[in-house]
Amino acid sequence: MALLVQKYGGTSVGSIDQIKGVAAKVAAAKKAGNDVVVVVSAMAGETNRLIALAQEISQIPDEREKDVLIATGEQVTVALLSLALKEIGQPARSYLGHQIRIATDNAYGKASILSIDSTKIVEALKAGEVVVVAGFQGVDENDNITTLGRGGSDTSAVALAAFLGAQACEIYTDVEGVFTTDPRICPQARKLAKISYDEMIELASTGAKVLEIRSVEFAKKYAVPVHVRSTFTDVEGTWLIEEDDSMSDVLVSGVACDKNEAKITLVRVPDRPGLAAQIFGPIAEAHIVVDMIIQNASEDGTTDMTFTVPKADHQRALSIVEKSLPAVHAKGVKVDTEIAKISVVGVGMRTHAGVAATMFETLAREKINIQMISTSEIKISVVIDAKQSDHAVRALHEAFIAN
Ligand code: ADP
Ligand code: ASP
Ligand code: MG
């Protein structure tokens, strides 16, 4: 008997009718002879609604209580899906993260899964039940509820598949798989039959939210076969696999856009050793992930230090930076939340030159100004004005993929 982990995202469980539809799909997989563990997200829009409630009370809410609050979204959907399964005659049982002990570290809002105790899940499966697990949440060693970061149900699902040794992890969502770029931005986007773990890590880290990045890292580490596919059709989706030889023939496999970062600039700080450590040390201690960094030295011995952080953390980052302003002798600090990071990704870049040049020429032709640039072995990212992001995605898709 095969063990399947299926994950259904927020737009797949956005209404009672949709939850009934998911129950039918899950029951069919069980009837076909599989053991099934289902992971669900909160109903579409619910996590945003809960975050907004907290922010009505505090601009920077206490992180522990915020996690207690936003973990409730998934509590609703596990119960509703279990009810829907029982209603059609399929025995089912719901579990929250702490009940089966999805153990995480204590980084509230972005906790990492450390281990999962499979005892209760295995018992329930043996009893013929479908196990419905709340995504996005876990518990730290002091029994505090933690959440895994936006889109974290993907990570719950892949981690469960890894710890349970599932045959596959199916990620059911509102598109038919992983496309060459977001099909909602670019109608020319093509569905990929397969994509390497490494390319998917880069796409996910650069904004292709179809999979959360840590889920892909987990999948790669534990060689979990992941199948991204549509909740609403039965067509084959996209498989995540190890890189194979045919893949490096393709120069760019995807274009991604991320509007969830903010740019912070420390204006005219003295250009001296130790400065970066002084600025970024406290930010790292606060578990805020800094993505791109650029430093613009000027003639007068000062430098502008610009970096990007997740938009959700920019208020906290700003308050940390503001505290260090006198010590680093900066002239001031500027914030820009209206930016977008556009990236082109492909394992073919390892062996082919010229991608950066084509990217810059394409953007120049479209009169799109580049504010920051960063590169890795298989990715080039630029930061631009958010207003031009869709335009940039379409132009780059046209330049690299569509023809
Ligand atoms: P879920 O609620 O199922 O977790 P998400 O909204 O998190 O779904 O992710 C699916 C969305 O990801 C799609 O609706 C699509 O707009 C977006 N997306 C961005 N980039 C891509 C891509 N390269 N391929 C497919 N979908 C993408
Ligand atoms: N409900 C959470 C979110 O909206 C987790 C998820 O959807 O994966 O981010
Ligand atoms: Mg998602």
Side-chain angles (χ1 to χ4, degrees), residues 1-9 12-13 19-41 77-78 81-82 84-86 88-95 97 99-102 113 115-135 153-173 176-178 191-197 200 210-212 215-242 244:
M1 190 181 270
L3 170 62
L4 283 182
V5 174
Q6 299 191 328
K7 178 257 169 176
Y8 292 88
S12 306
V13 292
I19 290 175
K20 287 181 180 169
V22 166
K25 246 180 135 85
V26 171
K30 173 76 181 145
K31 276 218 173 59
N34 303 292
D35 276 338
V36 188
V37 174
V38 187
V39 175
V40 282
S41 299
T77 43
V78 284
L81 180 58
S82 302
L85 282 162
K86 287 177 206 273
I88 55 171
Q90 172 56 56
R93 185 180 295 251
S94 67
Y95 281 116
Q99 291 177 303
I100 45 171
R101 236 183 150 80
I102 297 182
I113 296 178
S115 67
I116 299 177
D117 181 353
S118 58
T119 320
K120 284 185 187 151
I121 298 177
V122 172
E123 274 169 18
L125 291 175
K126 268 200 194 124
E129 292 172 331
V130 164
V131 179
V132 185
V133 179
S153 298
D154 296 334
T155 308
S156 310
V158 176
L160 271 163
F163 280 102
L164 295 169
Q167 270 65 41
C169 180
E170 298 183 317
I171 303 284
Y172 285 93
T173 183
E176 285 188 348
V178 180
K191 186 174 75 183
L192 299 164
K194 57 185 182 176
I195 184 168
S196 73
Y197 291 120
M200 194 63 232
V210 64
L211 279 178
E212 202 263 339
S215 70
V216 192
E217 288 167 350
F218 243 106
K220 178 180 157 82
K221 187 166 171 198
Y222 295 98
V224 179
V226 175
H227 187 188
V228 182
R229 57 192 311 191
S230 167
T231 306
F232 311 109
T233 69
D234 285 326
V235 299
E236 187 81 359
T238 303
W239 283 93
L240 261 63
I241 54 167
E242 275 302 340
D244 65 36

Please check if the side chain of [X] supplies one atom and the backbone of [Y] the other of a donor-acceptor pair under 3.5 Å.
X      : Y      : answer
Lys191 : Gly237 : no
Gln167 : Leu3   : yes
Ser94  : Val132 : no

Mind listing the side-chain donor-acceptor pairs of residues 215-225 below 3.5 Å, one per line with the distance, residues two or more places apart or on another chain?
from   : atom 1 : to     : atom 2 : distance (Å)
Ser215 : OG     : Glu212 : O      : 2.5
Lys220 : NZ     : Asp198 : OD1    : 3.1

Nearest atoms (heavy-atom pairs only) where [X] meets [Y]:
X      : Y      : value
Val131 : Ala124 : CG2-CB, 3.6 Å
Ser12  : Tyr172 : OG-O, 3.9 Å
Ala134 : Val78  : N-CG1, 3.3 Å
Ser118 : Leu164 : CB-CD2, 3.4 Å

[X] vs [Y] side-chain heavy atoms within contact, under 4.5 Å:
X      : Y      : result
Val133 : Ile102 : yes
Leu211 : Leu240 : yes
Leu160 : Ile121 : yes
Val226 : Met200 : no

For residues 28-41, the side-chain hydrogen bond (donor to acceptor under 3.5 Å, both in side chains) pairs (sequence neighbours left out) are Ser41-Ser153

Distance from [X] atom [atom1] to [Y] atom [atom2], nearest 0.5 Å?
X      : Y      : atom1 : atom2 : value
Ile171 : His227 : CD1   : NE2   : 11.0 Å
Leu81  : Gln90  : CG    : CD    : 10.5 Å
Asp154 : Lys7   : CG    : NZ    : 3.5 Å
Thr173 : Tyr8   : OG1   : OH    : 11.5 Å

side-chain contact (heavy atoms from CB on, under 4.5 Å) partners of Gln99, counting only residues at least two apart
Tyr95, Leu96

Return the set of residues passing side-chain contact (heavy atoms from CB on, under 4.5 Å) with Ala193 (not counting sequence neighbours), or none when no residue passes.
none

Under the salt bridge (charged side-chain N to carboxylate O under 4.0 Å, His left out) rule, collect the residues that match up with Lys194, sequence neighbours excluded.
Asp244

For residues 19-26, please give each side-chain donor-acceptor pair under 3.5 Å, one per line with the distance, not counting sequence neighbours.
from  : atom 1 : to     : atom 2 : distance (Å)
Lys25 : NZ     : Thr231 : O      : 3.2
Lys25 : NZ     : Asp234 : OD1    : 3.4

Residues two or more places apart in sequence or in another chain: which of them pass side chain to side chain donor-acceptor pair (under 3.5 Å) with [X]?
X      : result
Glu129 : Arg93
Glu242 : none
Ser196 : Glu199

